[in-house]
Amino acid sequence: MTTPGARLAGRAALVFGASRGIGKGVALALAAEGAGVTVAARREGDRQFPGLVEETVAEIRGAGGTAEAAYCDIADSADVAAAVRDVARRHGRLDIVVNSAVFISYDKLLEIDDATWRRGFEINVHGAFFITREAAKAMIPSGGGHIIHLTGSGAREVGVVNELTGASKAALERFVRGAAQDLRPHAIAVNLFDPGGVRTERALVLRRGNFDLSRFPSPADVAPAAVHIALQDPKAFTGQIYSYSQHSGGAS
């Protein structure tokens, strides 16, 4: 039995949205289990939030892990294809892909403009499709793998998030269920990870006022739940929504 700390040795992972927050936490956790991790995010001009892919890579390497940086806008299919292709070329395989690059808006319905609505779907839905399609192409030759997309309860519960975030995440969840069915014969699992409320850099900037973030877990707290998904049998565990609350309630 492989011991914790080496359970993903020899695996190649690609984490989108890993310059900060949950994506960074997952990248660090995968690397701590021995995976070679490529840390991907968009190039940023005016930085609204702290965190860069180079900082995540440096942190992984400083802890003795293996990491590379990549720049990718998941709303651009050519960008996604290039990122996936580069990982497969460097490692000779692609085993784990985590999509933590999400678009979140807190605007009310009457405040959302056309461009914001379109961008939300471009990232949360179109990007997920591009990632899943390109990752599957790379995983089939090496015998399968795991594709994990982040979701939230707002996809299923009205009032948790606004209409844009909720509607796009609901579309993502339906897409994942179908993709899981299509890719199961190839031993490729497609699952959703629901971390719940997390104390991220983005949340600290956007959630101003009287909103208390101190009660929420950190990215490092929730990341092991995503690792748990990547350790499952891809033919048996697919098309699921796995939450941090499930994991912290007793899953190992």
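Side chains are part of it too, since the values below use all heavy atoms of this structure and drop only hydrogens, waters and symmetry mates.
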* Asked: Is there side-chain contact between Leu28 and Val37, with at least one heavy-atom pair below 4.5 Å?
  -> no

* **Interatomic spacing from CG in Asp79 to CD in Glu134 - rounded to 0.5 Å** => 11.5 Å

* To do: Apply the test side chain to side chain contact (heavy atoms under 4.5 Å, CB included) to residues Gln240 and Ile229: give CA-CA distance (whole Å), side-chain angles for both, the deciding distance (0.1 Å), then the verdict.
  => CA-CA 10 Å; Gln240 304 294 313; Ile229 298 172; over 6 Å; no

* To do: Nearest 0.5 Å please: distance from the OG atom of Ser168 over to the CZ atom of Arg119.
  => 12.5 Å

* **Glu111 side chain reached by Asn162 side chain, heavy atoms, under 4.5 Å** => no

* Does Phe121 have any ring pair (Phe, Tyr, Trp, His ring centres under 6.0 Å) partners at least two apart in sequence or in another chain, and if so, which? -> Trp117

* Checking side chain to side chain contact (heavy atoms under 4.5 Å, CB included) against Leu172, which of Asn124, Leu192, Asn99 comes through? -> Leu192

* Asked: Taking only residues two or more places apart in sequence or in another chain, which ones pass side chain to side chain donor-acceptor pair (under 3.5 Å) with Arg11?
  -> none

* Asked: His149 side chain to Thr132 main-chain N or O, any donor-acceptor pair under 3.5 Å?
  -> no

* Got a second to check how far Glu163's CD is from Lys108's NZ, nearest 0.5 Å? -> 8.0 Å

* Heavy atoms, side chains only, cut-off 4.5 Å: are Ser142 and Leu94 in contact? -> no

* What pair of heavy atoms forms the shortest contact from Val57 to Ala67, and how long is it? -> CG1-O, 3.9 Å

* Asked: Would a 4.5 Å heavy-atom cut-off, applied to side chains only, mark Leu30 and Val227 as touching?
  -> yes

* Lys137 side, atom NZ; Ile188 side, atom CD1 - distance, nearest 0.5 Å -> 12.0 Å

* Asked: Listed by chain and number, what are the side chain to side chain donor-acceptor pair (under 3.5 Å) partners of Thr116, not counting sequence neighbours?
  -> Asp113

* Is any side-chain heavy atom of Val87 closer than 4.5 Å to a side-chain heavy atom of Glu68? -> no

* For the residue pair Gly25 and Ala223, what are the closest heavy atoms and their distance? -> O-CB, 3.3 Å

* Asked: Judged by atom type as modelled, is there a donor-acceptor pair below 3.5 Å linking the side chain of Asp194 to the main-chain atoms of Ile241?
  -> no

* **Minimal non-hydrogen separation, Ser243 against Ser245, with atom names** => OG-OG, 2.9 Å

* Asked: Quick check: does any side chain N or O of Asp95 sit under 3.5 Å from a backbone N or O of Ala12, one acting as donor and the other as acceptor?
  -> yes

* If only atom types and distance count, is the side chain of Asp73 paired as donor or acceptor with the main-chain N or O of Arg42 below 3.5 Å? -> no

* **Shortest non-hydrogen contact from Ala88 toward Ala138** => CB-CB, 4.4 Å

* Step by step, would you call Val190 with Phe175 a side chain to side chain contact (heavy atoms under 4.5 Å, CB included)? -> CA-CA 10 Å; Val190 191; Phe175 167 71; 5.7 Å; no

* Asked: Can you pull the side chain to side chain donor-acceptor pair (under 3.5 Å) pairs that have at least one residue in residues 82-92, sequence neighbours excluded?
  -> Thr38-Arg90

* **Min side-chain heavy-atom separation Asp221-Tyr244 under 4.5 Å** => yes

* **Donor-acceptor contact present, side-chain Asp107 to main-chain Ile112, <3.5 Å** => no

* Structure fact -> To the nearest 0.5 Å, atom CD of Glu122 lies from atom CD1 of Ile74 at 10.5 Å

* Gap between atom CD1 of Ile131 and atom CZ of Phe16 - 0.5 Å precision -> 4.5 Å

* Which of parallel (below 30°), tilted (30 to 60°) and perpendicular (above 60°) describes His228 and Tyr242? -> parallel

* Closest non-hydrogen atom pair, Pro219 against Gly21 -> CB-O, 3.3 Å

* Asked: Considering residues at least two apart in sequence or located in another chain, which fulfil the side chain to side chain donor-acceptor pair (under 3.5 Å) criterion with Thr238?
  -> none

* Where do Pro195 and Val222 come nearest, in terms of heavy atoms and distance? -> O-CG1, 4.0 Å

* Asked: Which pairs, with at least one residue in residues 170-191 and sequence neighbours excluded, count as a side chain to side chain donor-acceptor pair (under 3.5 Å)?
  -> Thr151-Glu173, Arg156-Glu173

